[in-house]
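Below is one structure, written out as structure tokens; comments come after it.
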Amino acid sequence: MKSVVNRASLLLVLVHLVGAIVAEAVQVRATSPPPDITNQNSINRDNREDILFAQSTTPPHLSALDQEKVSEAVPLIEQNWEREFEKYFQTNFSNQSTSVQKIARILGNIGTQTGKKPALVYMVPRPEQLEIVLITPDGKAIHKRVPAANRDALLKQVRELTVAMTNPIYRSTNQYLSPAQQLYQWTIAPIEEDLKAQKIETLLLCVGAGLRSAPFAAFHDGKQFLVEKYSFSRIPAFTLTNTVYADLRNSQVLAMGASEFPDQNPLPAVPVELSTIRKNLWQGKFFLNQDFTLANLESQQALQPYKIIHLATHAFFQSGEPSNSYIQFWNTRLTLDKMKQLRWDNPPVELLVLSACKTAIGDAQAELGFAGLAVQANVKSVVASLWNVSDEGTLALMTEFYRDLKTAPIKAEALREAQIAMLKGQVRIEKGQLHTSEGNIPLPPSLLEVENKELSNPYYWATFTVVGSPW
């Protein structure tokens, strides 16, 4: 009996002791700070969160725009896009800095010299919206935001417009109007009142990926095409653009090209194109087919520096590295990565004309090659095409362009006047002849079967654009 009582007493003591320990543990847990978790899983999770945060950080130029610090955003946009082109071309283009005030001052000086008042327009596509920044000679930086023009929607409209103009089944229709009008509403309409108030006549379009190969000339306000209202050029960055004005009217042209190729489609109108430019419109020399070699071009430039070089040949701007894009000569290809070696900046070439280009529309790398063509070639301005046009269409545009270049104050205005002449039907094909503002030009035998044709559809003229300086 005694042992039973002792065992019961011992059990009771143990119960009280365990209860006290549990109560103390509960109190410690309630009053102590949370433990320091330092295991590897926690570290990895924290690192992942840091990485995700870093990846989601808004780039400085966009952050400045989000805060409406437009004057701060402009040099950051310039730096960002300059780095894009430097990375693509594997070179260092410029160490110049710029500001809204500096840009405005240069624009004002050029406007006074040329009589054509310019403005700089940045268009920055973002996943959620389009950012537009306008700088005019009065020194103001105007920022507009277009939420409807998110990157996907914007690029979809650019593709639809390009297809509507280049697909032969739409050639005689106005299928292009819907995307052309939508693009105008998103890109130009938001700043149009400011352009009108400042009496702007020339636009420098400094745009981001997806817009660098857009056919801006065909953007439409419902009544007129953009080209009917403004002359313009597309530039990679303002700091990469030659802003020194030079008068070309007493310059000579070196015109070269080929009408037949071993592995490319023939260009039968090239002989007429070259001879018309050289004999009827401009002073200079021209070389055809076997004489159209890179060695001959370099030797001719060494004998007499030409301010205008006209190459009537195939040129392709393609995806991948700059070496994938090239200009076709008679016996070789001049790849984009080799163009700097020609030293066309010493003495300076004011204008390079490529009359039969094709660009991989919508491809970011091809766009960099096309938009950066002037700076990579060391020339001030380039006139080139976004897609291949018919031989007779190219002949028509080039004939008008060189005629207008003799009187227009700037290159972009000469191109604009040539495009307007085509869209208004002043340039057309009738009975085996090309009717132009300069007179009638007989077509070569290979094109005599071309039917009477209006060249007013934007397929024929909207493809041509000025890359680099509009001046």
Side-chain angles (χ1 to χ4, degrees), residues 251-301 303-317 325-336 338-339 342 344 349-359 370 373 377 379 381-403 405 411 415 418 434 436 438 441-447 450 460 463-465 467:
S251 305
Q252 293 204 346
V253 61
L254 175 60
M256 311 180 82
S259 58
E260 52 192 58
F261 304 87
D263 57 353
Q264 304 279 1
N265 292 330
L267 298 172
V270 164
V272 178
E273 179 182 326
L274 296 183
S275 62
T276 300
I277 293 169
R278 162 64 182 83
K279 294 178 181 178
N280 302 333
L281 298 171
W282 217 268
Q283 62 273 19
K285 291 182 181 179
F286 80 93
F287 297 90
L288 181 66
N289 290 336
Q290 290 91 338
D291 294 325
F292 175 40
T293 65
L294 188 56
N296 191 26
L297 184 150
E298 291 182 280
S299 65
Q300 293 299 323
Q301 273 292 93
L303 288 171
Q304 177 182 337
Y306 291 88
K307 289 188 176 181
I308 304 173
I309 296 177
H310 180 101
L311 303 181
T313 183
H314 292 289
F316 294 91
F317 295 89
S325 300
Y326 64 91
I327 300 171
Q328 181 68 55
F329 282 73
W330 174 255
N331 59 350
T332 189
R333 293 176 175 179
L334 174 61
T335 55
L336 192 55
K338 303 294 186 184
M339 291 193 73
L342 297 178
W344 279 345
V349 173
E350 283 282 326
L351 175 62
L352 170 65
V353 179
L354 300 174
S355 68
C357 297
K358 185 177 181 181
T359 305
F370 185 80
L373 180 56
V379 300
S381 312
V382 179
V383 170
S385 60
L386 295 165
W387 58 81
N388 278 337
V389 184
S390 65
D391 226 24
E392 63 273 16
T394 301
L395 173 61
L397 190 283
M398 290 300 160
T399 301
E400 285 295 308
F401 171 67
Y402 278 100
R403 184 190 70 85
L405 194 60
K411 303 159 193 165
L415 180 61
L434 176 66
T436 73
E438 191 73 13
I441 300 173
L443 294 177
S446 57
L447 295 179
V450 174
Y460 294 104
T463 178
F464 293 97
T465 188
V467 180

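These numbers come from the heavy atoms of this one structure, side chains and all, not from hydrogens, waters or symmetry mates. We count residues from 1, following the sequence as given.
Partners of Ser381 under the side chain to side chain donor-acceptor pair (under 3.5 Å) rule, at least two apart in sequence or in another chain, are Lys411. Not a single side chain to side chain donor-acceptor pair (under 3.5 Å) links Thr293 to another residue, sequence neighbours left out.
A distance of 4.0 Å separates CD1 in Ile441 from OG1 in Thr276, rounded to the nearest 0.5 Å. Leu354 contributes atom CG, which lies 12.0 Å from atom OG1 of Thr394 (distance to the nearest 0.5 angstrom). The CH2 atom of Trp282 sits 12.5 Å away from the NE2 atom of His310 when rounded to the nearest 0.5 Å. Rounding to the nearest 0.5 Å places CG of Leu297 at 7.5 Å from CZ of Phe292. Atom CG in Asn296 sits 10.0 Å away from atom CD in Glu298 (nearest 0.5 Å). Note that OG1 of Thr313 is 6.0 Å distant from CD of Gln328, once rounded to the nearest 0.5 Å.
Residues Val272 and Leu443 form no side-chain contact, since every pair of their non-hydrogen atoms from C-beta on lies 4.5 Å or further apart. At least one side-chain heavy atom of Asn289 sits under 4.5 Å from a side-chain heavy atom of Trp330. With contacts defined as side-chain heavy-atom distances shorter than 4.5 Å, the pair Leu395/Asp391 does not qualify. In this structure the side chain of Glu400 reaches within 4.5 angstrom of the side chain of Thr436, judged on heavy atoms. Counting heavy atoms from C-beta on, the side chains of Leu405 and Ile308 come closer than 4.5 Å. At least one side-chain heavy atom of Gln301 sits less than 4.5 Å from a side-chain heavy atom of Ile309. Between Ser385 and Phe464, some side-chain heavy-atom pair lies under the 4.5 Å cut-off. A 4.5 Å side-chain heavy-atom check between Met339 and Leu373 finds at least one atom pair inside the cut-off.
A side chain to side chain donor-acceptor pair (under 3.5 Å) with Gln252 holds for exactly one of Arg278, Gln304, Gln283; it is Gln304.
Ala312 and Leu267 make their closest contact through O-CD1, 4.4 Å (heavy atoms, listed as atom of the first residue, atom of the second, distance). The two residues Ser325 and Phe317 come nearest to each other via the heavy atoms OG-CA, 3.4 Å. Across Ala269 and Pro444, no two heavy atoms sit closer than the pair CA-CG, 4.1 Å. Scanning both residues, Asn265 and His314, for their nearest heavy atoms gives O-NE2, 2.7 Å. Annotation for Phe370 and Ala384: closest pair CE1-CB, 3.8 Å, computed over non-hydrogen atoms. In terms of heavy atoms, Leu288 sits closest to Ala258 at CD1-CA, 4.2 Å.
Cation-pi geometry between Arg333 and Tyr326 is satisfied (NZ or CZ under 6.0 Å from the ring centre, within 45° of the ring normal).
A distance-only check finds no donor-acceptor pair linking the side chain of Ser259 to the backbone of Val270 [under 3.5 Å].
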Determine, step by step, whether Leu434 and Glu392 satisfy the side-chain contact (heavy atoms from CB on, under 4.5 Å) criterion, reporting the C-alpha distance in whole Å, the side-chain angles of both residues, the deciding distance to 0.1 Å, and the verdict.
CA-CA 8 Å; Leu434 176 66; Glu392 63 273 16; 5.9 Å; no
Leu311 vs Phe329, side-chain contact (heavy atoms from CB on, under 4.5 Å): CA-CA, chis, key distance, verdict:
CA-CA 9 Å; Leu311 303 181; Phe329 282 73; 4.2 Å; yes
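In the model, Glu350 has no side-chain atom that pairs as donor or acceptor with a side-chain atom of Ser251 under 3.5 Å.
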